[in-house]
There are 4 protein chains.
Amino acid sequence: MVKKKFTDKQKKILDVAEELIATKGFDATSVRDICSKAGINVAMISYYFGSKEKMMTFLYQYRVQRSKESFSEFAETIKEGKAEMQMKEIINYIVGLLFKYNYFHGFVTQEIRVNDFIKDDLLDFYKICVSRLEEIIKKGIISGVFTNAPKSEDILTNIIGSTLFVIRNKNFYELYLPSATEANYLSEAEKKVKSNLLQTTFALLGFELYV
Amino acid sequence: MVKKKFTDKQKKILDVAEELIATKGFDATSVRDICSKAGINVAMISYYFGSKEKMMTFLYQYRVQRSKESFSEFAETIKEGKAEMQMKEIINYIVGLLFKYNYFHGFVTQEIRVNDFIKDDLLDFYKICVSRLEEIIKKGIISGVFTNAPKSEDILTNIIGSTLFVIRNKNFYELYLPSATEANYLSEAEKKVKSNLLQTTFALLGFELYV
Amino acid sequence: MVKKKFTDKQKKILDVAEELIATKGFDATSVRDICSKAGINVAMISYYFGSKEKMMTFLYQYRVQRSKESFSEFAETIKEGKAEMQMKEIINYIVGLLFKYNYFHGFVTQEIRVNDFIKDDLLDFYKICVSRLEEIIKKGIISGVFTNAPKSEDILTNIIGSTLFVIRNKNFYELYLPSATEANYLSEAEKKVKSNLLQTTFALLGFELYV
Amino acid sequence: MVKKKFTDKQKKILDVAEELIATKGFDATSVRDICSKAGINVAMISYYFGSKEKMMTFLYQYRVQRSKESFSEFAETIKEGKAEMQMKEIINYIVGLLFKYNYFHGFVTQEIRVNDFIKDDLLDFYKICVSRLEEIIKKGIISGVFTNAPKSEDILTNIIGSTLFVIRNKNFYELYLPSATEANYLSEAEKKVKSNLLQTTFALLGFELYV
DNA sequence: GATGAATGAGCATTCATTCAT
DNA sequence: TATGAATGAATGCTCATTCAT
């Protein structure tokens with residue numbers, strides 16, 4: 001797939017499509033829905049992207065690659081810190097990213113019909129996360145602040161898995177968020193899941209956390 | 001909704017439907033797909049269940065209620081054990097259940113169009129899990145084997161979230177399962193995620209684990 | 001078509017079918033509707049009558065032939081009267097018959113898919129009416145009470161046409177029936193249309209009516 | 001309902017639909033029937049009209065409203081004449097209209113599933129006819145050409161009822177039309193029913209007719 | 001580039017009927 | 001004689017896509 005620059009109209013389509021697909025699912029979102037909400041002609045999705053499925057591909061590319069890029073930028077900003085600070089920052093960053101694009105990441109792993117190389121794109125992102133975590137754990141072990149060295153793919157699994165579960169299971173998790181309302185569920189849940197994951201991860205690492 | 005006994009033919013339909021829906025999603029799975037794979041006439045789904053959506057309802061009932069029941073039975077069997085043994089067993093049980101019905105639980109929280117009382121059914125299941133975990137943690141704290149008392153909803157979140165993530169992200173997790181093949185990915189992944197979750201949970205509980 | 005004796009169960013089916021078909025139309029009335037309302041198995045209509053359409057045939061036969069028979073009986077009873085009395089009676093009789101079986105006669109001429117010999121049956125009935133009217137008119141002309149001899153097919157056309165129009169166009173005709181309610185529309189309309197047709201017919205016949 | 005201009009293709013569909021529905025009934029006429037006869041794609045009915053039922057609505061609108069308009073225009077043209085001439089003209093006009101759109105008016109009052117406001121449209125038409133008849137009768141009574149004043153709703157009932165009966169009962173009425181063939185039944189029947197209704201109506205009005 | 005009319009394949013569902021019992 | 005499960009054809013409709021402009 002050639003990387004593509006999108007015009008404003010195309011970006012508009014992708015934004016609308018993302019929102020609708022995240023809300024209703026890929027199949028339940030019709031080209032007509034997207035186009036009417038985006039204020040453009042029904043034929044334009046085929047015209048611009050070739051097909052609905054190919055549009056989906058561009059949508060993934062549009063989001064996942066941006067996530068990867070922004071993650072790389074973020075990683076730079078914490079390069080100099082201590083391992084425990086870096087770990088805290090990276091957890092907060094990943095969780096924050098998932099919440100920010102909650103209506104996107106949620107279905108990335110669900111919708112199957114998407115071209116494989118898109119999964120590769122996402123896989124790349126996960127692999128970058130794993131190697132960053134790896135570096136941080138090694139650093140913490142060497143500096144002595146971490147006494148245990150769990151597998152970084154398991155740490156990432158816990159982070160992403162728990163976060164997505166919380167995003168997807170509002171009706172469960174809100175039971176334990178007494179002050180959550182319809183409007184602020186996501187921000188309240190984000191706080192709680194970050195706290196949980198920090199505790200969990202530092203416990204695994206054998207790091208005594210004072211939050 | 002009245003609880004229903006299913007004939008073998010109906011069970012066959014539900015099994016096929018479950019697999020296809022889990023693979024392709026609800027909307028992308030046509031009744032023609034299901035019926036042709038189940039070797040029955042297209043009209044039978046409407047005939048047996050009323051409609052495709054109602055079939056979905058029966059499918060949920062068929063799986064979630066059975067999960068609840070079998071969980072209750074399981075909980076009885078570990079009633080007498082020590083807290084650490086109970087915790088280990090319950091983690092293994094929940095993870096095993098999710099893997100066993102992997103192509104079901106994965107989409108329960110995803111598909112929107114499902115009747116609410118079904119979500120309630122699943123919520124019930126989660127609440128039962130949480131209260132069991134609660135009991136075990138209290139018991140372990142009292143007996144002194146656990147030195148830390150994390151929130152049980154967070155423990156459950158980690159267990160289910162991580163497990164579903166692993167089930168759904170084969171192409172990521174298999175990178176860290178060197179001996180995994182196409183055929184045995186799930187069983188290998190199950191072992192690894194169980195090990196991860198036991199470590200993680202016991203670390204959170206401040207329990208020294210010797211596995 | 002062989003004339004058939006119907007069992008009670010078959011008569012039950014025909015009665016239910018007639019009512020439903022008259023209310024909802026032939027196509028909109030399903031075999032399942034009829035059978036469930038008649039308290040019998042879905043397969044019975046095919047079993048008893050061969051098919052839904054053939055059942056329709058029996059239904060016509062069942063009603064139209066009875067109408068013919070009862071008309072013949074009625075005709076006997078007025079054989080001895082004066083022409084003007086006979087005319088009055090026959091108009092009242094025909095209108096009454098149409099109202100009595102309003103939900104049947106109304107659609108006889110509408111539903112096309114019915115076997116032709118059934119139309120013949122109805123045609124027979126009309127022809128009998130015409131010849132009776134013919135006799136009465138002749139008699140009245142001879143006796144001098146009628147001064148004009150309109151075509152009897154036109155008289156019958158007026159009688160049946162006006163009556164069916166009134167039956168079918170409740171929302172129009174009730175505008176001119178101030179005391180009509182939902183419940184008694186048909187009986188009120190029947191009175192008014194009888195009065196109209198008596199006046200009309202006697203006017204045509206040049207007979208001075210004192211009702 | 002917004003009044004709509006139809007394209008030629010839409011008019012083609014409505015014409016075909018009208019004919020088929022009048023012949024076979026609404027339910028028995030499938031959109032596939034209509035589209036294949038109209039030489040267009042099956043999806044076009046939904047595309048143009050929204051649904052089969054909505055198409056029906058447009059069909060009513062297309063015919064009934066035009067009938068109303070053309071009736072109003074016609075009424076203007078006879079404004080200046082004598083009562084007996086007006087009565088003759090209006091009878092001929094109404095009968096002619098019913099014959100012209102014979103395959104439409106026949107089922108207007110029959111099909112149940114049609115939107116109510118459409119029935120209102122037809123009712124409007126009937127009410128306009130009644131009030132015109134009313135005026136003519138009054139005028140004739142005043143000028144002394146009519147000696148009797150029957151109810152105009154009953155006159156209209158006779159006119160429409162008899163005409164529709166003749167249209168619908170070809171196999172009966174053709175018995176009295178010796179020169180009628182398959183091809184010219186309608187025009188022959190129209191002549192005879194007009195003659196009948198003129199005679200009938202003038203008889204009711206006490207007007208001596210010399211046709 | 002951009003439109004909107006038009007297409008044909010596919011959808012879930014309902015139907016009258018048949019078949020095994 | 002009677003059942004109800006099972007069938008296959010038909011239904012109205014929606015869909016992503018194409019085509020003429």
Side-chain angles (χ1 to χ4, degrees), chain A residues 7 9-10 13 26-36 39-56 113, chain B residues 7-10 13 26-36 38-56 113, chain C residues 7 9-10 13 26-36 39-56 113, chain D residues 7-10 13 26-36 38-56 113:
Chain A
T7 66
K9 224 165 197 172
Q10 287 169 321
I13 294 174
F26 181 77
D27 287 300
T29 300
S30 74
V31 165
R32 272 172 177 74
D33 283 346
I34 297 168
C35 291
S36 89
I40 53 145
N41 186 274
V42 274
M44 295 316 291
I45 281 181
S46 294
Y47 183 69
Y48 280 142
F49 303 107
S51 73
K52 188 188 174 191
E53 299 230 340
K54 281 182 191 143
M55 179 205 69
M56 196 67 183
R113 310 164 54 139
Chain B
T7 65
D8 285 349
K9 221 162 198 171
Q10 288 170 320
I13 294 175
F26 181 78
D27 287 305
T29 301
S30 72
V31 299
R32 275 169 180 76
D33 284 347
I34 297 167
C35 291
S36 88
I40 52 146
N41 188 275
V42 276
M44 293 317 290
I45 281 182
S46 292
Y47 180 69
Y48 279 143
F49 304 107
S51 72
K52 188 188 173 189
E53 298 231 341
K54 280 181 192 146
M55 181 204 66
M56 195 68 184
R113 311 162 58 134
Chain C
T7 65
K9 223 164 197 173
Q10 288 170 321
I13 294 174
F26 181 76
D27 287 300
T29 301
S30 73
V31 166
R32 272 172 177 73
D33 283 347
I34 298 167
C35 291
S36 89
I40 52 144
N41 186 274
V42 274
M44 294 317 291
I45 281 182
S46 293
Y47 183 68
Y48 279 143
F49 303 107
S51 72
K52 188 188 175 189
E53 298 232 340
K54 281 183 191 143
M55 179 205 68
M56 196 67 184
R113 308 162 55 137
Chain D
T7 66
D8 286 349
K9 221 161 201 173
Q10 287 170 321
I13 293 175
F26 181 77
D27 287 305
T29 301
S30 72
V31 299
R32 277 170 178 77
D33 284 347
I34 297 167
C35 290
S36 88
I40 53 146
N41 187 275
V42 274
M44 293 317 291
I45 282 183
S46 293
Y47 180 70
Y48 279 143
F49 305 108
S51 71
K52 189 189 174 190
E53 298 230 342
K54 280 183 191 144
M55 179 204 68
M56 195 69 183
R113 311 162 57 133

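Each chain gets a letter, A, B and so on, in the order the sequences are listed, and its residues count up from 1. Values in this document were obtained by computation on a predicted structure and should not be read as measured data.
The CD1 atom of Ile13(C) lies 6.5 Å from the CE atom of Met44(C); values are rounded to the nearest 0.5 Å. In this structure, the separation between CD1 on Ile40(A) and OH on Tyr48(A) is 7.0 Å, given to the nearest 0.5 Å. Separating the CD atom in Gln10(A) from the CZ atom in Phe49(A) is a distance of 5.0 Å, to the nearest 0.5 Å.
Which of dA5(E), dT17(F), dT17(E) sits closest to the side chain of Val31(C) comes down to dT17(E). Checking dT17(F), dA5(F), dC13(F) against the side-chain heavy atoms of Val42(D) singles out dC13(F) as nearest. Side-chain proximity of Lys52(B) to dT7(E), dT17(F), dA12(E): nearest is dA12(E).
Mapping Met44(C) and Ala43(B) onto DNA chain F via the closest heavy atom, the residue that lands nearer the 5' end is Met44(C). Heavy-atom distances to DNA chain F give each of Thr29(A) and Tyr47(C) a nearest nucleotide, and the one nearer the 5′ end belongs to Tyr47(C). Between Ile45(B) and Asn41(D), the residue anchored closer to the 5' end of DNA chain E is Asn41(D), taking for each the nucleotide with the nearest heavy atom.
Atoms NZ (Lys54(D)) and P (dG12(F)) sit 16 Å apart, rounded to a whole Å. Summarising the geometry, the separation between CE on Met55(A) and P on dA16(F) is reported as 10 Å, rounded to the nearest angstrom. The CG atom of Asp27(A) sits 9 Å away from the P atom of dA16(F) (whole-angstrom rounding). Rounded to an integer number of Å, the gap from Lys9(D) NZ to dG4(E) P is 17 Å. Rounded to whole Å, atom C1' of dT18(F) lies 18 Å from atom CZ of Phe49(A). Straight-line distance from the CD atom of Glu53(C) to the P atom of dA16(E): 10 Å, rounded to whole Å. With rounding to whole Å, Tyr48(C) atom OH is found 17 Å from dT18(E) atom C1'. Going from atom CD of Gln10(D) over to atom P of dG4(E) covers 15 Å, rounded to whole Å.
Across all strands shown, the partner of dG10(E) is dC13(F), judged by Watson-Crick or G-U wobble contacts whose two distances both fall under 3.5 Å. Summarising the base pairing, dA5(E) is matched to dT18(F) through a Watson-Crick or G-U wobble pair whose two defining distances lie under 3.5 Å.
Judged by atom type and distance alone, Arg32(B) does not reach the base of dG10(E) through any side-chain donor-acceptor pair under 3.5 Å.
Within 4.0 Å of Ser30(C), counting heavy atoms only, lie sugar-phosphate atoms of the nucleic acid but no base atom. No contact: Thr7(D) has no heavy atom under 4.0 Å from any strand.
Residue Ser51(A) places at least one side-chain N or O under 4.0 Å from the OP1 or OP2 atom of dT17(F).
Proximity of Ile45(B) to Cys35(B): side-chain heavy atoms (C-beta onward) are separated by under 4.5 Å at one or more points.
The minimum heavy-atom distance linking Val42(A) with Arg32(A) is given by the pair CG1-CG, 3.4 Å.
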